[in-house]
Number of protein chains: 2
Amino acid sequence: MGTARVDGRVERGNATRRLVLGRTMEIASVEGLGGLSLGRIATELNLSKSGVFALFGSKEELQLATVRAAGSVFAAQVVEPVRDVPPGAGRVAALCASWLAYSRDRTFPGGCFFAAVTAEFDARSGPVHDAIAKAHLDWTAYVEETVREARIAGGLTDGADPAQLAFELIALMELANLYSVLHGDPAAYDRAGTGILSRLRSVATDPAGLPERLGG
Amino acid sequence: MGTARVDGRVERGNATRRLVLGRTMEIASVEGLGGLSLGRIATELNLSKSGVFALFGSKEELQLATVRAAGSVFAAQVVEPVRDVPPGAGRVAALCASWLAYSRDRTFPGGCFFAAVTAEFDARSGPVHDAIAKAHLDWTAYVEETVREARIAGGLTDGADPAQLAFELIALMELANLYSVLHGDPAAYDRAGTGILSRLRSVATDPAGLPERLGG
DNA sequence: CCTACCGATCGGTAGG
DNA sequence: CCTACCGATCGGTAGG
């Protein structure tokens, strides 16, 4: 009986955690992690301020938990859908298309969560900066690895530099997100798609095998 | 004598304005425009809070004045040095090199001021968003125009799409700034320079006339 | 009647 | 998870 009561409380706590993190991800994508406050979250979700505090321990822990939760959403929305695409130029293109869809479809209301919080914390120091920097390095490494696999699989020429190509692809994706959110201009996704396909065609062993457009 | 006294007060007011805006540009490039507070500025600069308030009228006006001041710095640091370079692919390259130097040399301590505040306000609405969005459009239009002039001058092939090329060049510059600030990795500027020159060579009528490296 | 400030304080909210 | 508070600081305004 005592155990059942404790389990019930733990379950309610986890449900409240998910409720809170769903809202903090939304807020942070629009206003940044600095837009989070315990009192505001509590009021919006009909919780007490100290109740939210008890679940996360501090404002910084709430920010870190929000970054972790957004990482899970990113993995599910961007990486997971491409999991079964075989290595090659087509897999690189599919990964970029998946990212553009994640941004365009507003998985988070303010566009890419990480674009928002990375710019917010890039010049600061501390645990939140470090968590965001690690997420950024992980994503960069994943794109580079996808390019490297494509070259090993024979889909890209040996002259393709994985680090350079990944940098250029990510740059195009990031600017599409910024333009779209800042100006409400979805045409930026077409520009990014055009640029990405242009880069890939220039190093693909079978350019004709690539799609004509990306997302759009 | 009465006139001299009034002039002295106006001059002191202008000097204080410049003092305040110099500091708010620094703060905003690191922490965003949300990091500005009248009390903090007053404390740091040994002014009274109400004195700072009297100079700007409201926090939002302080933010808008900071954006305008940063626009002047950007024009002086990025655009002005390239003013006398004749239209052509070399002028486009010089403009990009000027931007990379502006970011690399930390004209603002947190890297490009506009990269920081654009990501902060892109998903919000209001006068500050609008001022930032206009600055972004102006810069984009200036890069496009520089590309267009280069084409008219015969430096770029007729196939070069100014809007697409400007988008790709700006994307590379922006990501170099982000990487450098986030990871303290100056090699990102080399990656951006390599990408920019690669784009320009692919559409230049005289690729050999372009520099071998950009900034670096 | 103007400016560029001052010390003090308004109603509210921050993290804890 | 709650109420009830703390030291401090927020943007903004009072009279002088």
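Note on naming: letters A, B, ... go to the chains in the order of the sequence lines (proteins, then strands), and numbering restarts at 1 for each one. Note: hydrogens, waters and symmetry copies are ignored here, and every other heavy atom, side chains too, is used.
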Any side-chain heavy-atom pair of A:Phe167 and B:Leu172 under 4.5 Å | yes
Given C:dC5, is OP1 or OP2 found less than 4.0 Å from the side-chain N or O atoms of B:Thr16?
-> yes
B:Tyr189 and B:Tyr179 aromatic centres sub-6.0 Å | no
So do the side chains of B:Arg91 and B:Pro86 get within less than 4.5 Å of each other, counting heavy atoms only?
-> no
hbond_proxy B:Lys59 side chain to D:dG12 base (donor-acceptor, 3.5 Å cutoff) | no
Cut-off 3.5 Å, no hydrogens considered: what does the side-chain donor-acceptor table look like for residues 65-84 of chain A, sequence neighbours left out?
unit_1  : atom_1 : unit_2  : atom_2 : d
A:Thr66 : OG1    : A:Thr24 : OG1    : 2.9
A:Thr66 : OG1    : A:Leu62 : O      : 2.7

Nearest-Å distance, CZ (A:Phe53) to P (D:dC6)?
-> 18 Å
For B:Leu36, answer base if it contacts any base atom (sugar-phosphate contacts may also be present), sugar-phosphate if it contacts only those atoms, and nothing otherwise; contact means non-hydrogen atoms under 4.0 Å.
-> sugar-phosphate
Send over the distance from A:Glu61 CD to C:dG16 C1', rounded to a whole Å.
-> 14 Å
Any side-chain heavy-atom pair from A:Leu182 and B:His129 closer than 4.5 angstrom?
-> yes
Rounded off to whole Å, could you give me the CD-to-C1' distance for the A:Glu60 and C:dG16 pair?
-> 14 Å
Take the protein atom CG of A:Leu55 and the nucleotide atom P of C:dG16, then report the distance between them rounded to whole Å.
-> 15 Å
C:dC6 P sits how many Å from B:Leu38 CG, rounded?
-> 13 Å
Inspect the contact between A:Lys134 and A:Asp130 and indicate whether a charged nitrogen and a carboxylate oxygen are less than 4.0 angstrom apart.
-> no
Which whole-number value in Å describes the distance from B:Asn46 CG to C:dC5 C1'?
-> 14 Å
What about B:Ser37: does its side chain form a donor-acceptor pair under 3.5 Å with the base of D:dC10?
-> no
Could you tell me the separation between the NZ atom of B:Lys49 and the P atom of D:dC10, rounded to a whole number of Å?
-> 7 Å
How far, in whole Å, is C:dG12 from D:dA8 if one measures between their P atoms?
-> 22 Å
Please give, in whole Å, the distance from C:dC5 P to B:Leu45 CG?
-> 11 Å
How about B:Leu175 and B:Arg191: do any of their side-chain heavy atoms sit closer than 4.5 Å?
-> no
Output row for DNA chain D, stems defined as at least 3 consecutive Watson-Crick or G-U pairs under 3.5 Å, is none
